[in-house]
Structures are given as structure tokens and as C-alpha cells.
A.B. asks: 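Starting off with a structure, shown below.
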Amino acid sequence: MEVEAVELRRVRVPLVAPFRTSFGVERERDVLLVRVLTADGEGWGECVAMSEPAYSAEYAEGAHHVVRTHLLPRLLASAKDVVAEDVAAILGGVKGHPMAKAAIETAVLDAQLRASGTPLAAYLGGVRDAVDAGVSVGIASSVDELLDVVAGYLDDGYRRVKLKIEPGWDVEPVRATRERFGDELLLQVDANGAYGEADIPHLARLEPFDLLLIEQPFAEDDLTAHTALAAALVTPVCLDESIVSEASMRAAIAMAACDVVNIKAARVGGHLEARRIHDLCAAHQIPVWCGGMLETGIGRAANVALATLSNFTLPGDLSASARYFEEDLTEPFVLDDGRLRVPSGPGIGVQPIRDVLDAATTSLETFAP
Ligand code: OSB
Ligand code: MG
């Protein structure tokens, strides 16, 4: 496939409500979109890096810079004949920046799959046409407020609830949620690395609440603490930030640092590496689920396609567009009996709505080989 041009577009989309985690508050999404243009058409990728380097080292402005200055020149030097399967190698001279690289790989893959008429889910080897929708619930200002928010999501039909936790907001909100909504609720928590190994006895106080998992309690680079927690608890330990590649997944398995994995394609450099991690986990009987980064419909479509792979056996952080935005950049994803339908069109299977996209755009640059 020949790449004729690449557009970099920044968009700003307000969230319907602030999203508070142990690492900060997000009020809007500042998103970098990559659009690859070829003779046959186009392809889209969403860079999920957030405005601050607080979830991981990447952030929107930095990702924009590294894409413009270091990644696109490499891609465009190979523009005459590029396929998605080669993008990681083409960009490999640049260390790190998986979210920036993933946005480019996805845009190339989308263009390639649109040209061949192949849906992304089919290309990846997906086995379902709808995926269970879970919802990630931010830290609230009171337990009563949290319970109201969770009740609203359960009325919407969400099949699983994840509570964001941090020291001072953990046992009480979890206990209250379990007591109010009962034993049947699929409930899990995510600390985004807010605890230390010394907190293991405290985290053990979550054991009575029958959580599906505890996600990333400790720092990204602290696998040994996760190993210690996994050995101490019955509740499964899940890694998010720590898994940045297939190699880091192998290390986590060798160290018995997790029982479950949250796979985000963007965190590991793209869908191809994400599929290798999925396959490795399947071979080790480690269930996985699809995480999210408050994506617009463009990134959401790509996430939903990934979640169709067979070992994605737990509900993902895959919510309807309305959970995030008043107006999404694409036709909204909606809940259908607590599930999201997998787009059936070629590539990611969704298209930005031109007027909405233009109204949200804060900058636009075009690059040619
Ligand atoms: O840790 O899973 C996370 C959002 C932004 C950054 C990190 C995380 C999250 C979420 C929300 O939990 C997932 C979503 O609904 O997109
Ligand atoms: Mg997480």
C-alpha cells in the first residue's frame, strides 16, 4: 500500500462528567487523530495519551511532538510500500511511545483493511459480534454520590462495575457498593498504582467483597510487589500499566505477578502486539479483558474489535458513547442489553462525522512523503 499523505488532527471533546482517578481529574479529552491517505482511501487511528503524563509517561502534546518529529518521517520514508505488519519495525528506532506508535499502526491497518473490505475483528481472528460492556466509575465526593452514579449505570444495563480506588477511598465505597447492589454484581477495583507493597495487609481488607479482581495496585515497574499480593490474596490480581509489551507479559507470567490482564492495544504499541499478548495469556490460562482510555468512537471501535478475541472472557471497560460524551465523533456506540455491537464494516468500521469532527478540531497538519 502506498501512503500519499498523513493528517494529524487534534480535537477537544468535553466529558459529560469529570473522571477522577488516583492520578488526577480529566474534564475533557484532548485527542490526537492520525489519518492516513492512500490511493484507495483512508484510515484512522486515535492516540489515547491523556493531557498529563500521569497514567503513564505519554501525554497528548508529547505524543503529537514525537509523531510529527520522529515517527512520521520514518513512516513516510517507507511510504511507497507500507503494510501495518511492518509499522512496528519501521518505527522501532524510536524507543518507547507506544501510544503514539499505536495510533499510526492503527491508521495504516484501518486503511489497509478498508481497501481489502475486511473488518478489523475478522482480521484479528475475533469470535463474537457483540462484547459485554463494563463501566469504570471515578472516585466520587461521597459514598452516597457514588451509589447514585452506580445505580444509574446499572439501570443503563452495564454488566460489570469497576470502582477507581486510592488510599482513603477503598474499603468503604467497595463495602457500600456490595451491600447496596448485592452478591450478583460483577465488581472490581482499579488503583492505578496508588498503593505500595506495605499496603498489602490493608488491601487484604477487600477480600470479603468477592471482587473479580484488583487492578494495578502498585507502580508500573513494581512486579515483585504484585507477585507478593497475588500470593497473599484469593482475589485475583490484574495488571494494566505494568504490561507494556509481550516481553513484559512474559516476565509477569514468569514471576506469577498477575492472575488476569487488562489489555489496551494503545499501551502496548498497537493491535498486533496486543494480539500476541492475548495469545500468550491464553496459552497460560490467564483470562484477559479490554481496557479503555476514554476513547472517542474511533478508538472505541478498535477496542471493541480487539475484545472479540476468544480469551477476552471478562467484560471490558467498553462503555457506550453517552457514558463519556454528549456528542461522539462517530455514530454513537449504544448499549444493547448491556453489550456493544462490533462494527461490521471494513477496517474499524466507523467514520468520523465531518461536522462534529471539524467543530472539535483545534489543529490540523498534513504531511506528505
Ligand atoms: O486505568 O483503566 C485505567 C481511563 C483513563 C486512563 C486509565 C484508565 C481509565 C479507565 C476508564 O479506567 C476506561 C474507559 O472507560 O475508557
Ligand atoms: Mg487501569
Side-chain angles (χ1 to χ4, degrees), residues 13 15-31 46-60 63 98-99 102 131-140 149-150 153 156 158-166 169 187-195 211-220 226 236-244 252 258 260-268 274 288-304 306-307 314-325 328-329 332-333 335 338 340:
V13 198
L15 293 170
V16 288
F19 183 64
R20 186 164 149 220
T21 65
S22 62
F23 63 80
V25 186
E26 211 70 20
R27 292 191 166 75
E28 61 176 22
R29 284 302 271 129
D30 174 5
V31 181
E46 173 170 344
C47 179
V48 307
M50 316 201 76
S51 13
E52 303 245 348
Y55 162 80
S56 70
E58 289 184 276
Y59 61 104
M99 294 173 182
V131 298
D132 287 352
V135 62
S136 175
V137 183
I139 293 167
V149 170
V150 171
Y153 288 139
D156 292 341
Y158 284 102
R159 293 184 174 219
R160 176 278 266 157
V161 168
K162 162 169 131 180
L163 301 183
K164 290 291 193 177
I165 60 168
E166 66 181 0
W169 181 264
L187 182 64
Q188 64 193 54
V189 294
D190 184 4
N192 292 106
Y195 296 86
L211 298 178
L212 281 174
L213 56 91
I214 299 180
E215 178 179 351
Q216 197 74 38
F218 310 127
E220 173 180 328
H226 289 96
V237 172
C238 173
L239 291 175
D240 173 356
E241 287 91 324
S242 295
I243 304 302
V244 296
C258 64
V260 183
V261 178
N262 167 343
I263 300 184
K264 295 175 181 170
R267 198 192 58 224
V268 303
V288 306
W289 55 279
C290 186
M293 294 284 290
L294 314 176
E295 286 88 349
T296 75
I298 297 168
R300 188 162 313 284
N303 288 349
V304 164
L306 180 66
L314 292 163
D317 281 344
L318 299 165
S319 306
S321 295
R323 180 257 174 272
Y324 310 95
F325 313 111
D328 205 336
L329 299 181
F333 279 86
L335 287 191
L340 297 183

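Count residues from 1 along the sequence. Only this structure's heavy atoms are used, side chains among them; waters, hydrogens and symmetry mates stay out. Read the numbers this way: they start at 1 and go in the same order the structure lists the ligands and their atoms.
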A.B. asks: Quick one: CG on Leu213 to CG on Asn262, what's the gap to the nearest 0.5 Å?
C.D. replies: 9.0 Å
A.B. asks: If you measure every N or O of Asp240 against every N or O of ligand 1, does any of those distances drop under 3.5 Å?
C.D. replies: yes
A.B. asks: If the cut-off is 4.0 Å to any non-hydrogen atom of Tyr55, which atoms of ligand 1 fall inside it?
C.D. replies: 1 (O), 7 (C)
A.B. asks: Tell me, which protein residue and heavy-atom name are nearest atom 13 (C) of ligand 1, and how many Å apart are they?
C.D. replies: Gly292 O, 3.3 Å
A.B. asks: In the protein, which heavy atom is nearest to atom 14 (C) of ligand 1, and how far is it?
C.D. replies: Tyr324 OH, 3.4 Å
A.B. asks: Enter the distance from Leu163:CG to Trp169:CH2 here, rounded to the nearest 0.5 Å.
C.D. replies: 8.5 Å
A.B. asks: What count do you get for protein N/O/S atoms less than 2.8 Å from the Mg ion (ligand 2)?
C.D. replies: 3
A.B. asks: Quick check on side-chain contact (heavy atoms from CB on, under 4.5 Å): which of Asp190, Val135, Val137 does Lys162 satisfy it with?
C.D. replies: Asp190
A.B. asks: Do the charged groups of Asp317 and Arg160 touch, with an N to O distance under 4.0 Å?
C.D. replies: yes
A.B. asks: Could you find the nearest protein heavy atom to atom 4 (C) of ligand 1 and give me its residue, atom name and distance?
C.D. replies: Phe19 CE2, 3.6 Å
A.B. asks: Looking just at side-chain N and O atoms, do Arg323 and Tyr158 make a donor-acceptor pair shorter than 3.5 Å?
C.D. replies: no
A.B. asks: Under a 4.0 angstrom heavy-atom cut-off, which atoms of ligand 1 come close to Lys164?
C.D. replies: 1 (O), 2 (O), 3 (C), 8 (C), 9 (C), 10 (C), 12 (O)
A.B. asks: At what distance, to the nearest 0.5 angstrom, does OG of Ser56 lie from CE of Met99?
C.D. replies: 3.5 Å
A.B. asks: Is a side-chain donor-acceptor pair under 3.5 Å present for Gln216 with Ser242?
C.D. replies: yes
A.B. asks: Give a yes or no answer on whether the side chain of Arg300 reaches the backbone of Ser321 with a donor-acceptor pair at less than 3.5 Å.
C.D. replies: no
A.B. asks: In chain order, what residues pass the salt bridge (Lys or Arg N to Asp or Glu O under 4.0 Å) check against Asp328, with sequence neighbours excluded?
C.D. replies: none
A.B. asks: Go through it in stages, so that I can follow the logic: the residues are Arg20 and Glu166, the test is salt bridge (Lys or Arg N to Asp or Glu O under 4.0 Å), and I'd like the CA-CA distance, side-chain angles, deciding distance and then a yes or no.
C.D. replies: CA-CA 11 Å; Arg20 186 164 149 220; Glu166 66 181 0; 3.2 Å; yes
A.B. asks: Looking only at protein heavy atoms, which one is nearest to atom 6 (C) of ligand 1, and what is the separation?
C.D. replies: Met293 SD, 3.4 Å
A.B. asks: List ligand 1 atoms under 4.0 Å from Lys162, heavy atoms only on the residue side.
C.D. replies: 2 (O), 3 (C), 12 (O)
A.B. asks: Please determine whether side-chain contact (heavy atoms from CB on, under 4.5 Å) holds for the pair Asn303 and Glu295, giving the CA-CA distance in whole Å, both sets of side-chain angles, and the decisive distance to 0.1 Å.
C.D. replies: CA-CA 9 Å; Asn303 288 349; Glu295 286 88 349; 3.1 Å; yes
A.B. asks: What atoms in ligand 1 come closer than 4.0 Å to a heavy atom of Glu215?
C.D. replies: 2 (O)
A.B. asks: For atom 16 (O) of ligand 1, grab the closest protein heavy atom and report residue, atom and distance to one decimal in Å.
C.D. replies: Leu294 N, 2.8 Å
A.B. asks: With only distance considered, is Ser319 within less than 3.5 Å of ligand 1 through an N or O on each side?
C.D. replies: no
A.B. asks: Measuring from atom 1 (O) of ligand 1, which candidate in Asn192, Thr21, Val135 has the nearest non-hydrogen atom?
C.D. replies: Asn192
A.B. asks: Output the list of atoms in ligand 1 that are nearer than 4.0 Å to some heavy atom of Lys264, sorted by atom number.
C.D. replies: 1 (O), 2 (O), 3 (C), 7 (C), 8 (C)
A.B. asks: Please list the nearest protein heavy atom to atom 5 (C) of ligand 1 with its residue and the distance rounded to 0.1 Å.
C.D. replies: Met50 SD, 3.7 Å
A.B. asks: For Tyr324, is there any backbone N or O sitting under 3.5 Å from a side-chain donor or acceptor partner on Arg29?
C.D. replies: no
A.B. asks: Just verifying a value: how many Å separate Trp289 CH2 and Leu306 CG, rounded to the nearest 0.5 Å?
C.D. replies: 12.5 Å
A.B. asks: Just which atoms of ligand 1 are under 4.0 Å from any heavy atom in Ser136?
C.D. replies: 10 (C), 11 (C), 12 (O)
